[in-house]
A.B. asks: 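I have a structure I would like to understand better, so I am pasting it below and will then ask my questions one at a time.
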Amino acid sequence: VKKDMIIFAGLAGLAGGGASMNNLAIRKILHDIGFLPDNLFVYSDGGLMFQAFKPGEILLICGTGSACVGKDVDGKRIVRGGFGRLLGDEGSGYHIGLQAIKKALEIDQEEGEQTSLIPLIKEHLSVMELKNAVTPLQQGTITPDQVASLAPSIFLEAKRGDECAKQLVHAAAQDLGILLSKMGQRVGCE
């Protein structure tokens with residue numbers, strides 16, 4: 001974008017874009033590159049989709065994080081979940097990855113059956129021993145995105161028959177099912 005170029009309108013749907021501090025930061029960045037502030041529309045990913053919803057419709061988001069957005073019969077926006085990795089996000093990629101790491105640490109301390117997840121997690125996190133991942137996880141050196149990016153491999157291991165991976169996937173599906181069920185009741189959707 002050229003400095004003298006003015007962009008008249010912008011629409012963005014970004015994870016976390018609905019939080020006021022994030023929204024202000026995103027708006028500032030977009031304004032700084034040439035968008036007119038009065039023509040900026042910044043929503044969360046679910047908030048953007050909500051604009052196209054009909055009453056009774058629901059969107060389930062389960063990426064790095066998880067949330068459920070719906071529109072009730074009065075057109076009111078209803079949100080469940082979406083509190084982030086520290087306060088929720090059950091069923092999300094991050095939650096699946098974190099649960100896998102926890103379970104692998106337990107198993108590695110000889111508290112459970114063997115799983116193909118241990119070598120997979122070691123390789124993914126670039127550690128020789130699982131216990132060497134604990135401090136980097138706690139300090140944020142191993143990022144939430146790195147943890148969430150374990151999820152596809154966990155799904156693959158579940159498909160291959162690894163019992164631990166199957167249990168993790170089943171638990172995530174149950175969590176997402178509960179989220180959907182609560183939302184369905186709230187918006188009047190079967």
Side-chain angles (χ1 to χ4, degrees), residues 12-23 25-26 42-53 57-71 77-107 115-118 120-127 130 133-160 162-187 189:
L14 307 166
S20 59
M21 286 181 57
N22 294 347
N23 193 291
I26 294 165
V42 178
Y43 300 96
S44 65
D45 43 2
L48 179 60
M49 292 298 299
F50 176 78
Q51 301 305 313
F53 282 12
E57 291 184 334
I58 297 171
L59 172 67
L60 175 65
I61 298 170
C62 47
T64 299
S66 66
C68 197
V69 181
K71 186 177 275 191
R77 182 174 187 238
I78 308 294
V79 179
R80 292 290 175 263
F83 295 118
R85 63 188 172 89
L86 297 178
L87 299 176
D89 278 353
E90 290 81 359
S92 70
Y94 177 82
H95 191 76
I96 293 168
L98 185 63
Q99 296 308 308
I101 293 167
K102 287 179 178 181
K103 189 65 176 170
L105 283 164
E106 287 176 23
I107 292 169
T115 175
S116 61
L117 297 181
I118 292 175
L120 183 146
I121 293 169
K122 286 180 183 179
E123 180 181 343
H124 186 83
L125 301 179
S126 301
V127 294
L130 278 178
V134 173
T135 299
L137 278 164
Q138 291 172 339
Q139 294 176 342
T141 308
I142 295 174
T143 66
D145 287 342
Q146 286 175 289
V147 174
S149 65
L150 276 166
S153 298
I154 295 164
F155 278 97
L156 182 60
E157 292 305 307
K159 186 176 180 180
R160 290 179 177 161
D162 184 278
E163 286 302 317
C164 181
K166 288 186 341 187
Q167 290 172 8
L168 292 167
V169 170
H170 180 76
Q174 283 186 312
D175 288 337
L176 293 171
I178 290 167
L179 194 59
L180 274 172
S181 177
K182 287 180 180 178
M183 180 60 73
Q185 292 170 1
R186 184 66 199 269
V187 301
C189 175

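Any value given below was found using the heavy atoms of this structure, including those in side chains, with hydrogens, waters and symmetry copies removed.
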A.B. asks: Just verifying a value: how many Å separate I61 CD1 and L59 CG, rounded to the nearest 0.5 Å?
C.D. replies: 4.5 Å
A.B. asks: Kindly give the heavy-atom pair with the smallest separation between C62 and G91, and that separation in Å.
C.D. replies: CB-O, 4.1 Å
A.B. asks: How close do P144 and Y94 get, heavy atom to heavy atom, and via which atoms?
C.D. replies: O-CD1, 3.5 Å
A.B. asks: To the nearest 0.5 Å, what is the distance between OG on S66 and NE2 on H95?
C.D. replies: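 The distance works out to 8.5 Å.
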A.B. asks: Could you pull out the closest heavy-atom pair between A100 and I121, with the gap in Å?
C.D. replies: O-CD1, 3.5 Å
A.B. asks: What is the distance from atom CD of Q99 to atom CD of E90, rounded to the nearest 0.5 Å?
C.D. replies: 9.0 Å
A.B. asks: Does the side chain to side chain contact (heavy atoms under 4.5 Å, CB included) test come out yes or no for V169 and I154, once each step is laid out?
C.D. replies: CA-CA 8 Å; V169 170; I154 295 164; 4.2 Å; yes
A.B. asks: So K71 and V187, side chain to side chain contact (heavy atoms under 4.5 Å, CB included) or not? Walk me through it.
C.D. replies: CA-CA 6 Å; K71 186 177 275 191; V187 301; 5.8 Å; no
A.B. asks: Contact between L130 and K122 at the side-chain level, heavy atoms closer than 4.5 Å - yes or no?
C.D. replies: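 Touching, per the 4.5 Å side-chain cut-off.
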A.B. asks: Pair L150, I101 - check side chain to side chain contact (heavy atoms under 4.5 Å, CB included), show working.
C.D. replies: CA-CA 9 Å; L150 276 166; I101 293 167; 3.8 Å; yes
A.B. asks: Any heavy-atom pair between the side chains of S149 and H124 that's under 4.5 Å?
C.D. replies: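 Yes; the side chains approach each other to less than 4.5 Å.
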A.B. asks: What pairs of donor and acceptor atoms, side-chain ones from residues 174-184 against any protein atom, are under 3.5 angstrom apart with sequence neighbours left out?
C.D. replies:
none

A.B. asks: Please examine the side chains of L117 and K103, heavy atoms only from C-beta on, and report whether any two atoms are closer than 4.5 Å.
C.D. replies: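 The answer is no, as the side chains (C-beta and beyond) never meet within the 4.5 Å cut-off.
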A.B. asks: So, the side chain of T64 versus the backbone of D145: is there a donor-acceptor pair under 3.5 Å, distance only?
C.D. replies: no
A.B. asks: Which heavy-atom pair separates D89 from F83 by the least distance, and what is that distance?
C.D. replies: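 Heavy-atom minimum between the residues: OD1-N, 4.0 Å.
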A.B. asks: I'd like a table of donor-acceptor pairs (distance under 3.5 Å, sequence neighbours excluded) in which one partner is a side-chain atom from residues 135-143, with atom names and distances.
C.D. replies:
residue: T143; atom: OG1; partner: Q146; partner atom: N; Å: 3.2
residue: T143; atom: OG1; partner: Q146; partner atom: OE1; Å: 3.3

A.B. asks: For the pair D162 (side chain) and A165 (backbone), establish whether a donor and an acceptor sit closer than 3.5 Å, ignoring hydrogens and angles.
C.D. replies: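 Checked: pair present.
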